[in-house]
Amino acid sequence: MKIRDILKSEEPHISFEVFPPKTDAGYDSVLAATEKIAALKPSFISVTYGAGGGTSKNTVSIASHIKDDFGVTSLAHLTCVSSTKEVVHQVIGELKENGIENILALRGDIPSEYEFPLPNHYRYASELIEDIRQQGDFCIGAACYPEGHVETEHKKDDIINLKHKVDCGVDFLTTQMFFDNHILYNFLYRIREKGITVPVLPGIMPVTNKKQIARIGGMSGTILPERFRAIVDRFGDDQKAMQQAGIAYATDQIIDLIANGVNHIHVYSMNKPEVAAAIIRNLSEIVKN
Ligand code: FAD
């Protein structure tokens with residue numbers, strides 16, 4: 001099923017994300033975790049893509065299992081910055097052959113060891129989106145950044161670039177994680193004002209251990225509100241307490257989003273079925289998936 005059709009529903013829905021193993025040795029355990037997450041009947045499950053292209057075959061394979069064996073719609077991420085256009089076209093062909101209808105089209109982070117852009121490589125996700133449109137009847141998602149993308153100095157430029165990307169053929173957007181819903185509401189106001197009207201799925205990350213936090217800050221420049229920092233200060237050294245508090249914080253964000261009319265929420269469940277299950281349990285009377 002195409003995600004753009006799922007997003008027509010006005011009922012609240014939750015989707016989850018998994019990431020493929022870095023090596024083939026981890027494949028079975030990732031697939032087993034994915035099966036448990038699929039058993040929660042989310043609206044779809046997305047599968048990330050290794051920026052260097054190394055896990056591409058696992059992305060296609062896991063996305064196929066989600067759809068064919070676990071009965072859940074899948075969304076395959078696809079990054080383009082580290083691969084030639086021929087390689088990217090080949091992966092698009094594999095997705096088509098496997099009947100995967102939904103692609104999250106991304107540029108990927110610029111590898112520090114290369115010049116950018118290399119000849120015969122894509123420069124921006126918008127170029128990839130134009131190519132995917134030419135190659136088949138896919139539903140195409142793209143990324144957006146409520147706090148601005150790290151490479152862009154001014155948020156207004158990021159929104160101009162986002163408008164161009166959406167106009168290249170995007171059906172829906174998924175946001176980078178954020179921990180203060182006001183940031184999302186402000187972003188939605190600004191993008192709607194600029195004529196970006198496609199559905200936006202907020203990305204919510206249940207933070208379950210202290211190590212994740214350093215990574216999050218370093219990677220995306222995400223603001224961590226005082227209330228969130230207090231939780232980490234108090235519970236960060238007790239893994240079980242941190243997990244419980246992180247799930248409660250994420251649940252709180254989701255309830256506030258739904259209460260404010262945002263019906264489709266994407267949860268960065270990070271291959272952790274117990275975290276995904278706890279979120280679904282906490283929302284049992286709110287989200288009927
Ligand atoms: P783009 O949309 O191309 O934007 C990149 C930068 O270029 C931005 O600063 C933008 O403002 C600027 N820009 C865009 N177009 C123009 C233009 N025409 N002129 C000038 N500037 C322009 N990474 C992975 O490796 N694998 C994944 O699976 C993955 N999944 C993700 C899922 C989500 C929901 C999100 C939010 C991010 C994900 N990422 C993933 C990270 C992503 O690849 C990086 O954030 C990357 O740096 C930007 O990718 P993009 O598709 O947003 O790029």
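Whatever order the structure lists them in is the order used to number ligands and atoms, beginning at 1.
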Report summary line: Shortest non-hydrogen pair, Ile140 vs Ile132, comes out as CD1-CG2, 3.6 Å
**Report entry** Greater than 12 external heavy atoms within 6.0 Å of Lys211's NZ
**Finding:** no
Query raised in the report: To which of Tyr49, Phe19, Tyr124 does the heavy atom nearest atom 17 (C) of ligand 1 belong?
Result: Tyr124
Report summary line: Contact region, Ile110 to ligand 1, non-hydrogen atoms below 4.0 Å, reads neither
**Report entry** With Thr208, the side-chain hydrogen bond (donor to acceptor under 3.5 Å, both in side chains) member among Lys272, Gln243, Gln244
**Finding:** Lys272
Requested in this report: Give the numbers and elements of all ligand 1 atoms closer than 4.0 Å to a heavy atom of Thr48.
Outcome: 28 (O)
Requested in this report: Take atom OH of Tyr189 as the centre, draw a 6.0 Å sphere, and report whether it contains more than 12 heavy atoms from other residues, nucleotides or ligands.
Outcome: no
Query raised in the report: Can you find a non-hydrogen atom of Tyr268 under 4.0 Å from ligand 1?
Result: yes
Query raised in the report: Do Phe138 and Lys96 come close enough that some side-chain heavy atom pair is under 4.5 Å?
Result: yes
Query raised in the report: Does the ring center of His266 lie less than 6.0 Å from the ring center of Phe44?
Result: yes
Query - Heavy-atom nearest neighbour of atom 38 (C) of ligand 1 within options Leu75, Val170, Leu106 - result: Leu106
Requested in this report: Would you mind listing which atoms of ligand 1 come within a distance below 4.0 Å of any non-hydrogen atom of Thr174?
Outcome: 34 (C)
Query raised in the report: Quick one: which ligand 1 atoms are inside 4.0 Å of a heavy atom on Leu104?
Result: 32 (C)
Query raised in the report: If hydrogens are left out, which of Asn161, Leu162, Thr175 has an atom nearest to atom 16 (C) of ligand 1, that is, the closest non-hydrogen atom?
Result: Asn161
Query raised in the report: Name the one of Val262, Ile204, Asn181 that satisfies side-chain contact (heavy atoms from CB on, under 4.5 Å) with Ile254?
Result: Ile204
**Report entry** Shortest reach to atom 47 (O) of ligand 1 by a heavy atom, considering only Thr152, Ile129, Asp109, Leu128
**Finding:** Asp109
Query raised in the report: Between Asp158 and Tyr145, does any side-chain donor sit less than 3.5 Å from a side-chain acceptor?
Result: no
Report task. For Thr79, counting its heavy atoms only, list the atoms of ligand 1 lying under 4.0 Å from any of them. Result -> 24 (C), 25 (O), 26 (N)
Query raised in the report: Does Gly108 have a non-hydrogen atom less than 4.0 Å from ligand 1?
Result: yes
Report summary line: Per-atom filter on ligand 1: closer than 4.0 angstrom to a heavy atom of Asp158 are 8 (C), 9 (O), 10 (C), 11 (O)
Report task. Nearest heavy atom to atom 6 (C) of ligand 1 wins, so pick from His266, His149, Glu153. Result -> His149
Query raised in the report: For atom CZ of Arg192, is the number of surrounding heavy atoms from other residues, nucleotides or ligands below 6.0 Å larger than 12?
Result: yes
